[in-house]
Student: 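Please read through the structure below; I'll follow up with questions.
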Protein chains: 2
Amino acid sequence: MIGIVGLGVIGGSYAMALKAAGLGPVAGMDVDRAALDQALAMGIIQQGGRPDKALLGQCHLVIIALYPALVPGFLAEHRDHFRENCLITDATGVKYQLSLKLEGLLRPDVDFVMGHPMAGREKMGLAFASAQVFQGANYILVPTPRNREENLRRVEALARALGFASVRRVDPQTHDQLIAYTSQLPHAMAVALMNSDRPGRETGRFIGDSYRDLTRIARINDKLWAELFLENKEALLEAMDRFTQQLALIRQAVAQEDEAALRDLMRKSTRRREALDS
Amino acid sequence: MIGIVGLGVIGGSYAMALKAAGLGPVAGMDVDRAALDQALAMGIIQQGGRPDKALLGQCHLVIIALYPALVPGFLAEHRDHFRENCLITDATGVKYQLSLKLEGLLRPDVDFVMGHPMAGREKMGLAFASAQVFQGANYILVPTPRNREENLRRVEALARALGFASVRRVDPQTHDQLIAYTSQLPHAMAVALMNSDRPGRETGRFIGDSYRDLTRIARINDKLWAELFLENKEALLEAMDRFTQQLALIRQAVAQEDEAALRDLMRKSTRRREALDS
């Protein structure tokens, strides 16, 4: 039995993708009875209930899809409920703070392989779950010295079975620095862009694709993202500062009407963006 | 005869969209013989040559699709070549500086209605032109006191015939302030985001859709965008400063671990983004 803890948009997507891949059976665990009933009715879980020893004790693999701040408490509360040699993995977007806490929260026989499916959604809840979101996306495996190699391989194989195109391994600190830059900073930028509009003007009539693309993520789950930002404070502040410095270089070139400097900065970003696609 | 000056990606798209709408014939004007030959071979222009009195003198409507900095010189050079009562329009992304120069550059019988099709492309040249880019996009009409109402209506009707979904009128200064915010600032942000990456790390393996969407426009035509930035210096600097202030509020909330303030900022951006789509 595979357990999924938390039947929100990510947990629900896991349940759907597991079904599509022919894996399971799946036990869905949630405190929200309506989500459980819906998932049962959809046939994407075969058993459902609150997380407890009866359900967790059946699962050789448990996928935790809770808000980041809830994970340590969940592990502590259910320390003795996991099946022997259980493999646990998660889906949260920051890892370093969690990695520091794991040792003290787990039984010696239980392994926790941190994973990050890079397939976020703007919308919350099971209603927006989809088996498709993982197709072709990036998956990051974040090993710690405590992990057993066979379990790292099991989580990697699972990611590939669910449709992820690329699986990379990276240590927790590097993961959080990269995510601060590639995910949290863009969300902060989108929020700031939206909030810096002058109120009262009919902005929506004067936008093209670039503004629409860039602000899509300004519609944000504030509870989740505030947690992610604060869990990754140092790396995020550093990424924000590096970005602000680069923006200041553009500002200076504009203020000084230094066309050559401005074009240099644009050519640099063009080269880097082309390399990203190649 | 409708004249198009400059057969790059925008001029080429106009030629294709005119053909698709059953309008024309079209005279294409460019200094690049290869572009003219290609456009003639594609059947999207019926005559082609360098801009001169022979071609311009036939056109009751001339669409200028040149780089912004070239427009005043083009008008001066060809002042006496336009057909009597010719209607000229353009496609450049900034308007205020141009609006100040028009009076001195035009014959009294010639009307210049400034227009801004909000359908930019990252790629340059006729090869990337498409009749589809205008479909459903926003068109901005930027009247000056010099314009005749009938000509404003002609350009508006043309925009609708070419597929634009929304046509709004706005004065040159307001246009440039809006565009600084909705178009130039996002391009500056994308350039700065790309340039603030740490070199040497495998960033491409750790990105999701948000980073990809946001940096798409970091691949930028540096000659065109440096011109647009510098032509719109004051409005762009103001938009950049307003954005930087909002980003600093997010930074401060993170640094102070002020979750409530952070969530307030995110809820504000969420409300604004939802209003944009509605």
Side-chain angles (χ1 to χ4, degrees), chain A residues 118-120 138 140 166 168 178 181-183 186-189 191-197 203-208 210-211 213-220 222 225-226 229-230 233 236-237 240 242-244 246-247 250-251 254-255 257 259 262-263 265-270 272-274 276, chain B residues 118-120 138 140 166 168 178 181-183 186-189 191-197 203-208 210-211 213-220 222 225-226 229-230 233 236-237 240 242-244 246-247 250-251 254-255 257 259 262-263 265-270 272-274 276:
Chain A
M118 295 209 62
N138 288 329
I140 318 179
S166 156
R168 275 292 191 278
L178 276 159
Y181 169 67
T182 63
S183 172
H187 282 78
M189 289 164 58
V191 169
L193 178 60
M194 217 58 233
N195 289 352
S196 73
D197 193 8
T203 305
R205 298 294 183 169
F206 300 91
I207 62 179
S210 56
Y211 185 86
D213 283 353
L214 209 141
T215 59
R216 187 175 54 84
I217 53 175
R219 190 168 180 166
I220 191 169
D222 57 285
W225 283 89
F229 278 23
L230 295 178
K233 175 180 164 181
L236 176 56
L237 291 179
M240 291 180 83
R242 289 176 60 92
F243 167 75
T244 304
Q246 287 295 324
L247 195 67
I250 299 173
R251 192 198 187 285
V254 173
E257 300 181 19
E259 188 174 351
L262 199 47
R263 292 184 64 180
L265 292 167
M266 290 175 175
R267 277 196 292 261
K268 181 177 176 180
S269 74
T270 299
R272 286 179 168 212
R273 188 58 176 82
E274 284 170 353
L276 195 71
Chain B
M118 296 210 61
N138 288 329
I140 318 179
S166 156
R168 275 292 191 279
L178 277 159
Y181 170 66
T182 64
S183 172
H187 280 78
M189 289 165 59
V191 169
L193 177 60
M194 216 59 234
N195 289 351
S196 73
D197 192 9
T203 305
R205 298 295 184 167
F206 300 91
I207 62 178
S210 55
Y211 185 87
D213 283 353
L214 209 139
T215 59
R216 188 175 53 85
I217 53 175
R219 190 168 180 166
I220 191 169
D222 58 286
W225 283 90
F229 278 23
L230 295 178
K233 174 180 164 179
L236 176 56
L237 291 178
M240 290 179 83
R242 289 176 60 91
F243 167 76
T244 303
Q246 287 295 324
L247 195 67
I250 299 173
R251 192 199 188 284
V254 173
E257 300 180 19
E259 187 173 351
L262 199 48
R263 292 184 63 180
L265 293 167
M266 290 175 175
R267 277 195 292 262
K268 181 176 177 182
S269 74
T270 298
R272 288 181 167 210
R273 187 60 176 80
E274 284 170 354
L276 194 72

Student: Is chain A contacted by the side chain of Thr203(B), its backbone, both, or neither, given a heavy-atom distance below 4.5 Å?
Tutor: both
Student: Under a 4.5 Å cut-off applied to non-hydrogen side-chain atoms, are Arg273(B) and Arg216(A) in contact?
Tutor: yes
Student: Pick whichever of Thr244(A), Val254(A), Ile140(A) has the most heavy-atom pairs under 4.5 Å with chain B.
Tutor: Val254(A)
Student: Given heavy-atom pairs under 4.5 angstrom as the criterion, report whether the side chain, backbone, both or neither of Leu236(A) touches chain B.
Tutor: side chain
Student: So how far is it from Met194(A) CE to Met266(B) CE, rounded to the nearest 0.5 Å?
Tutor: 15.0 Å
Student: Is there a side-chain contact between Glu257(A) and Phe229(B), using heavy atoms and a 4.5 Å cut-off?
Tutor: no
Student: Please confirm whether the ring centroid of Tyr181(A) lies under 6.0 Å from the ring centroid of Phe206(B).
Tutor: no
Student: Walk me through it: do Val191(B) and Ile250(A) pass the test side chain to side chain contact (heavy atoms under 4.5 Å, CB included)?
Tutor: CA-CA 9 Å; Val191(B) 169; Ile250(A) 299 173; 3.8 Å; yes
Student: For Leu265(A), is it the side chain, the backbone, both or neither that has a heavy atom under 4.5 Å from a heavy atom of chain B?
Tutor: both
Student: Check whether any side-chain heavy atom of Asp222(A) lies under 4.5 Å from a side-chain heavy atom of Thr270(B), and answer yes or no.
Tutor: no
Student: Can you tell me which portion of Leu214(B) sits under 4.5 Å from chain A's heavy atoms? Options are side chain, backbone, both or neither.
Tutor: both
Student: Is the backbone of Asp197(B) close enough, under 3.5 Å, to the side chain of Arg272(A) for a donor and an acceptor to pair up by distance?
Tutor: yes
Student: Can you tell me how far CD1 of Ile207(A) sits from CE of Met118(B), rounded to the nearest 0.5 angstrom?
Tutor: 8.0 Å
Student: Can you tell me how far the CG atom of Leu193(A) sits from the CE atom of Met189(B), to the nearest 0.5 Å?
Tutor: 4.5 Å
Student: Go through the atoms of Leu247(B) and report whether side chain, backbone, both or neither lie under 4.5 Å from a heavy atom of chain A.
Tutor: both
Student: If you define the side chain from C-beta out and look only at heavy atoms, does anything of Tyr211(A) sit under 4.5 Å from Leu276(B)?
Tutor: yes
Student: Using non-hydrogen atoms and a 4.5 Å limit, figure out which bit of Arg205(A) sits close to chain B: side chain, backbone, both or neither.
Tutor: both
Student: Under a 4.5 Å heavy-atom cutoff, which of Met240(A), Arg263(A), Gln246(A) has the most pairs with chain B?
Tutor: Arg263(A)
Student: What part of Ser210(A) gets within 4.5 angstrom of chain B, counting heavy atoms only: side chain, backbone, both, or neither?
Tutor: both
Student: Would a distance-only check, ignoring hydrogens and angles, find a side-chain to backbone donor-acceptor pair under 3.5 Å from Ser269(A) to Asn195(B)?
Tutor: no
Student: Taking every non-hydrogen pair under 4.5 Å, which of Ser166(A), Gly208(A), Ala255(A) racks up the most with chain B?
Tutor: Ala255(A)
